[in-house]
There are 2 protein chains.
Amino acid sequence: MHDSPLIERRSLATELVERLRGLIQEGQLRPGDKIVEPELCERFGVSRTPLREALKVLAAEGLVDLAPNRGARVARISPEAVEELFPIMGMLEALAGELCIERMGSADLALLEALHARMVAHWRACEWVPYGRLNRQVHEEIFRIAGNGALAALYQSLLIRTHAIRFMARKTPERWAEAVDDHDRIMGALRARDAAALNLIMREHLRHKADVVHEALQQLDNG
Amino acid sequence: MHDSPLIERRSLATELVERLRGLIQEGQLRPGDKIVEPELCERFGVSRTPLREALKVLAAEGLVDLAPNRGARVARISPEAVEELFPIMGMLEALAGELCIERMGSADLALLEALHARMVAHWRACEWVPYGRLNRQVHEEIFRIAGNGALAALYQSLLIRTHAIRFMARKTPERWAEAVDDHDRIMGALRARDAAALNLIMREHLRHKADVVHEALQQLDNG
DNA sequence: CGTTTGAATTTTGCATTCATTATTCAGTTT
DNA sequence: AAACTGAATAATGAATGCAAAATTCAAACG
C-alpha cells in the first residue's frame with residue numbers, strides 16, 4: 001500500500017477560526033474591537049453560519065467575548081487576568097522543562113544550544129524582531145521535545161490569549177537582559193539535566209514576563 | 001437604586017453546551033457514541049443551527065470529536081491521552097495548593113479539615129458514593145481558596161475530559177487506601193503551610209490517579 | 001458465499017430567511 | 001443646550017432550505 005498523505009478537508013468554520021486567530025494575533029483585530037458579523041462575512045466571502053460557529057469556538061478559547069444579543073468583541077486582557085494566567089503558564093512551562101529533560105537526546109540539546117546562541121547574538125546586536133522569533137523557537141522546541149501534545153496545545157492557547165498584551169509590552173533594556181539571563185539559566189539546567197532547578201527557573205521566568213506586562217499596563221494608564 | 005439581580009439571558013447554544021456536557025458526564029452519551037444532529041434536535045426541540053454551534057464548542061473543549069462531513073462522536077480517551085493529561089492536572093493542582101497555602105485563613109483550613117474528616121469517615125464505612133462526593137468537594141474547595149478563576153476553569157475542563165474514564169475505573173481497596181493516604185498528607189502539608197511538600201504530594205496524587213485509570217483500561221482490554 | 005457496485009436514503013455544511021433585540025438619530029420637552 | 005422619547009435602521013439568534021457528501025442496502029458479479 002502506498003502511503004499517500006491524507007487529503008485534508010476542512011470546514012469553513014475551522015478555516016475561519018484560524019484566520020480570525022491570525023487576525024487577532026497580528027493585531028488587525030485589536031482587543032476591545034467590536035466584531036460585526038456581516039462585515040467579516042463580506043470580507044471572507046462566507047455566510048454568517050460558519051462565521052458564528054467560529055466565533056463560538058474563539059469565545060470558548062477565551063479570545064473573544066460574546067454578549068447575548070450584543071455581538072462579539074475581541075477579548076481584552078486585564079491585569080487581573082495576567083495575574084491569573086501567567087502562573088499557570090509558568091507551571092506548564094515547568095512541566096514541559098521536566099519532560100524535556102527526561103526525553104531529550106544529545107541532538108535535541110545541541111539544537112537548543114544553537115537556537116539559544118543565535119538568540120543571544122541578536123540580543124547583543126539589539127535586534128528586536130529576530131530575537132523575539134528565536135526566543136519563541138526555543139520555547140516551542142522545549143515543548144516539542146517534551147512530547148506532550150495536550151500540554152503544548154494548552155500552552156499555545158494561553159499564549160495566544162496573552163499575546164495581545166505582550167504585543168504592546170516594550171521591554172526595558174534591564175528587563176531584556178533579565179530575560180536573556182533567565183534563558184542562560186534555563187540552558188544551564190537543561191545541560192545539567194537538573195529538573196528541580198529548571199522547574200524553579202521556568203516559573204521565575206514567567207513571573208518576570210508577568211512583571212513586564214504589568215509595567216506596560218502601568219505605562220498605558222499613566223501615559 | 002435597588003440592586004436587583006441581572007436578568008440572565010442565555011442563547012440556546014450556550015444552554016445546549018451545558019446540557020450536552022451534562023449528558024456526557026452522567027454517561028447518557030458515552031465515549032465513542034455517534035451524535036446524530038436531527039436526533040438531538042428532536043430531543044431538545046431546537047433546530048440544528050444552535051446545536052451545531054454547541055458541538056463546535058464542545059469539540060474545542062475536547063469533549064467531542066468532529067470529523068468533516070462525518071459528524072460528531074463523543075471523544076474517546078486513550079491511554080496516551082491519560083498519560084498526557086494527568087501530569088498537567090497534577091501541575092494545576094500543585095499550583096492551586098500553593099496559592100491555597102498563600103491565601104488560606106483559619107476558617108478555610110477548618111472547613112477543609114471538616115470535609116476531610118467526613119471523607120475519611122465514609123471511607124472507613126466503605127461508602128463509595130459519598131466518599132467520592134467529599135473527595136471532589138475537598139479539591140473544589142482548594143481551588144476556591146486559591147482564588148484563581150482561570151486555573152479552576154482550566155482544571156475543570158480537564159476533569160470533564162477525563163471524567164468518562166474515571167467513571168468506569170473502579171478503585172481496588174489498596175488504591176482507595178492510597179488515595180486516602182494522599183489526602184492525609186495533603187492535609188498535613190496544608191496545616192504546615194509547606195508549599196514545596198504540597199507541590200510534590202499533589203503531583204504524586206495525580207500520578208496515582210493516572211495509575212488507577214491505567215489499571216482500569218488494562219482490565220477492559222483483558223476482560 | 002464473500003465482494004463489489006450503485007441507486008436510495010440519510011446526514012452534513014452552508015446559505016438564506018424570518019423574528020427579536022439593540023442601536024441610531026431626529027424630534028420633542030424641559 | 002441637555003435629556004428624554006420613539007420611530008427607523010441595523011445587528012443578532014434561530015429556523016428553514018438546499019446542495020454535496022456519506023452511509024446503507026440490495027442486486028449483480030466473481
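In what follows, every chain begins at residue 1, and chains take the letters A, B, ... in the order their sequences are listed. Keep in mind that what you see is a predicted model, and the values were worked out from it rather than measured.
- Rounding to whole angstrom units, CZ of residue B:F44 and C1' of D:dA15 are separated by 18 Å.
- The interatomic distance linking A:E37 (CD) with C:dA22 (C1') rounds to 13 Å, in whole Å.
- What separates CG of A:L55 from C1' of D:dT12 is a distance of 11 Å, to the nearest Å.
- Under 4.0 angstrom from either OP1 or OP2 of C:dC14 there lies no side-chain N or O belonging to B:K56.
- Separation of atoms CG (B:L29) and CZ (B:R21) is listed at 13.5 Å; rounding is to 0.5 Å.
- Within the structure, the side chain to side chain donor-acceptor pair (under 3.5 Å) test picks out the following pairs touching residues 147-157 of chain A (sequence neighbours left out): A:E93-A:Y155.
- With respect to the salt-bridge test (charged N to carboxylate O, under 4.0 angstrom), the residues B:E140 and B:R136 qualify.
- The residue A:I35 sits close only to the backbone: its heavy atoms come under 4.0 Å of sugar-phosphate atoms, none of a base.
- Each of B:P50 and A:A72 lies near DNA chain D, and the nucleotide nearest A:A72 is the one positioned closer to the 5' end.
- Taking atom CG of B:L16 as the reference point, atom P of D:dA15 lies 9 Å away to the nearest angstrom.
- The side chain to side chain donor-acceptor pair (under 3.5 Å) search around A:N199 returns A:E98, not counting sequence neighbours.
- By the 4.5 Å heavy-atom criterion applied to side chains, A:L40 and A:L20 are counted as neighbours.
- Counting only heavy atoms from C-beta on, A:K34 has its side chain closest to D:dT12 among C:dT21, D:dA14, D:dT12.
- Comparing B:P38 and A:N69, the nucleotide of DNA chain C nearest to each residue sits closer to the 5' end for B:P38.
- In this structure, the CG atom of B:L12 is 8 Å from the C1' atom of D:dG13, given to the nearest Å.
- A straight line from CG of A:L51 to C1' of C:dG13 spans 15 Å, rounded to a whole angstrom.
- Checked against C:dT23, D:dT12, C:dT11, the side chain of A:R70 finds its nearest nucleotide in C:dT23.
- Contact check, B:R52 against C:dG13: a side-chain N or O comes under 4.0 Å of OP1 or OP2.
- Residue contacts for A:R10: at a heavy-atom cut-off of 4.0 Å it reaches no nucleic acid atom on any strand shown.
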Strictly under 3.5 Å: I want the nitrogen or oxygen pairs between protein and nucleotides 16-20 of chain D, one per line.
{"residue": "D:dT16", "atom": "O4", "partner": "B:T49", "partner atom": "OG1", "Å": "3.4"}

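- As a whole-Å value, the separation of A:R73 CZ from D:dA11 C1' is 13 Å.
- Here C:dT12 presents its C1' atom at 15 Å from CD of B:E39, a figure rounded to the nearest Å.
- The aromatic rings of A:H205 and A:H183 sit perpendicular, their planes meeting at an angle over 60°, well past the 30° parallel limit.
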Problem set entry | Trace of the salt bridge (charged side-chain N to carboxylate O under 4.0 Å, His left out) decision for B:E141 with B:R144 | CA-CA 5 Å; B:E141 195 58 24; B:R144 190 193 58 74; 2.4 Å; yes
